[in-house]
Participant: 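Dumping the structure here so I can ask a few things about it.
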Amino acid sequence: MNMQCNTLGKGMIAGFVATIALSLLMIAKSVMGFMPDLNVIAMLTSMAHTYMGLPQTMLIGWMLHFAIGTIAWGILFVLLAPHLPGTNPIVKGLIFGTIAWFTMMIIVMPMAGAGVFGWKFGMMAPVATWMLHLVYGAVLGYVYGKLTVRSCSLTAESA
């Protein structure tokens, strides 16, 4: 990936699209009744109330979820992608998704009272959340790769 073609905006667009994909899978998980106790939006809502004094409404949880996935992880991916192994943006996204998952497991889960790796929810919690983060990372890398290839091609043609 050419650094000249990487922008934070493209990372945030890719992060937004990846967050939509992750959110749809979270909703499907919930509808199917798979691990009903593991509700990341409810966890974020509760944490926002506890740590920031925000109203305890699911809208706050969803807003935080999208802000983290779009802004924080989208920008961080742009900054870390050149340093991640491989040349394929999807592989870089999978590695980044694993980093995001690990961060959630050792920081967010304990802050939410679920214990390290979310053990309060059982053995499937870390596995299920890792699979969701792999999907997030794959979509993030794919979209970011397409956006940067397209803009690099346009930039090269106009030069």
Side-chain angles (χ1 to χ4, degrees), residues 1 6-84 89-148:
M1 284 188 235
N6 295 348
T7 69
L8 300 181
K10 290 180 183 77
M12 289 191 292
I13 291 168
F16 181 74
V17 173
T19 302
I20 290 172
L22 173 68
S23 300
L24 291 173
L25 289 174
M26 287 170 41
I27 292 167
K29 176 192 83 64
S30 177
V31 167
M32 292 187 302
F34 181 67
M35 298 191 68
D37 293 342
L38 180 58
N39 182 334
V40 174
I41 302 305
M43 286 171 49
L44 288 171
T45 300
S46 177
M47 289 172 63
H49 178 71
T50 301
Y51 295 107
M52 297 184 252
L54 295 175
Q56 210 158 1
T57 171
M58 296 298 267
L59 178 60
I60 296 291
W62 278 107
M63 289 170 61
L64 282 171
H65 170 68
F66 270 88
I68 293 165
T70 301
I71 301 167
W73 291 135
I75 289 172
L76 198 55
F77 180 71
V78 172
L79 299 175
L80 291 180
H83 308 288
L84 296 173
I90 295 173
V91 171
K92 288 178 180 278
L94 290 168
I95 294 167
F96 183 81
T98 298
I99 293 168
W101 166 80
F102 187 75
T103 302
M104 179 184 173
M105 293 295 105
I106 64 169
I107 296 173
V108 177
M109 286 290 193
M111 285 177 67
V116 177
F117 286 90
W119 290 121
K120 173 186 170 191
F121 298 115
M123 187 77 163
M124 280 305 296
V127 174
T129 54
W130 187 31
M131 295 303 110
L132 290 171
H133 280 83
L134 287 175
V135 169
Y136 172 87
V139 173
L140 176 71
Y142 175 80
V143 172
Y144 184 72
K146 290 296 182 188
L147 290 173
T148 55

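Residue numbers count from 1 along this sequence.
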Participant: T98: which residues meet the side-chain contact (heavy atoms from CB on, under 4.5 Å) condition with it, sequence neighbours left out?
Facilitator: W101, W130, L134

Participant: Without placing hydrogens or testing angles, list every side-chain donor-acceptor pair under 3.5 Å for residues 109-121, not counting sequence neighbours.
Facilitator:
{"residue": "W119", "atom": "NE1", "partner": "V116", "partner atom": "O", "Å": "3.3"}

Participant: Return each pair, listed once, that meets ring pair (Phe, Tyr, Trp, His ring centres under 6.0 Å) where at least one residue sits in residues 37-61; pairs must be two or more places apart or across chains.
Facilitator: none

Participant: Go through the structure and list residues passing side-chain hydrogen bond (donor to acceptor under 3.5 Å, both in side chains) with T45, not counting sequence neighbours.
Facilitator: none

Participant: Mind listing the side-chain donor-acceptor pairs of residues 58-79 below 3.5 Å, one per line with the distance, residues two or more places apart or on another chain?
Facilitator:
{"residue": "H65", "atom": "NE2", "partner": "S23", "partner atom": "OG", "Å": "2.8"}
{"residue": "T70", "atom": "OG1", "partner": "F66", "partner atom": "O", "Å": "2.8"}

Participant: At what distance, to the nearest 0.5 angstrom, does CD1 of I27 lie from CD1 of I41?
Facilitator: 8.5 Å

Participant: Any side-chain to backbone donor/acceptor pair from K29 onto L38? Under 3.5 Å, distance only.
Facilitator: yes

Participant: By side-chain contact (heavy atoms from CB on, under 4.5 Å), which residues pair with V91, not counting sequence neighbours?
Facilitator: N88, I95

Participant: Not counting sequence neighbours, which residues clear side-chain contact (heavy atoms from CB on, under 4.5 Å) with V135? List them please.
Facilitator: L25, V139

Participant: So, the side chain of K92 versus the backbone of L84: is there a donor-acceptor pair under 3.5 Å, distance only?
Facilitator: yes

Participant: Can you sort out the partners of T57 under side-chain hydrogen bond (donor to acceptor under 3.5 Å, both in side chains), two or more places apart, ordered by chain and number?
Facilitator: none

Participant: Is the backbone N or O of I99 less than 3.5 Å from a side-chain atom of T103, with the two atoms forming a donor-acceptor pair by type?
Facilitator: yes

Participant: Any chance you could measure M105, atom CE, to I107, atom CD1, to the nearest 0.5 Å?
Facilitator: 11.5 Å

Participant: Return the CD1 to CG distance between I90 and L140, rounded to the nearest 0.5 Å.
Facilitator: 11.0 Å

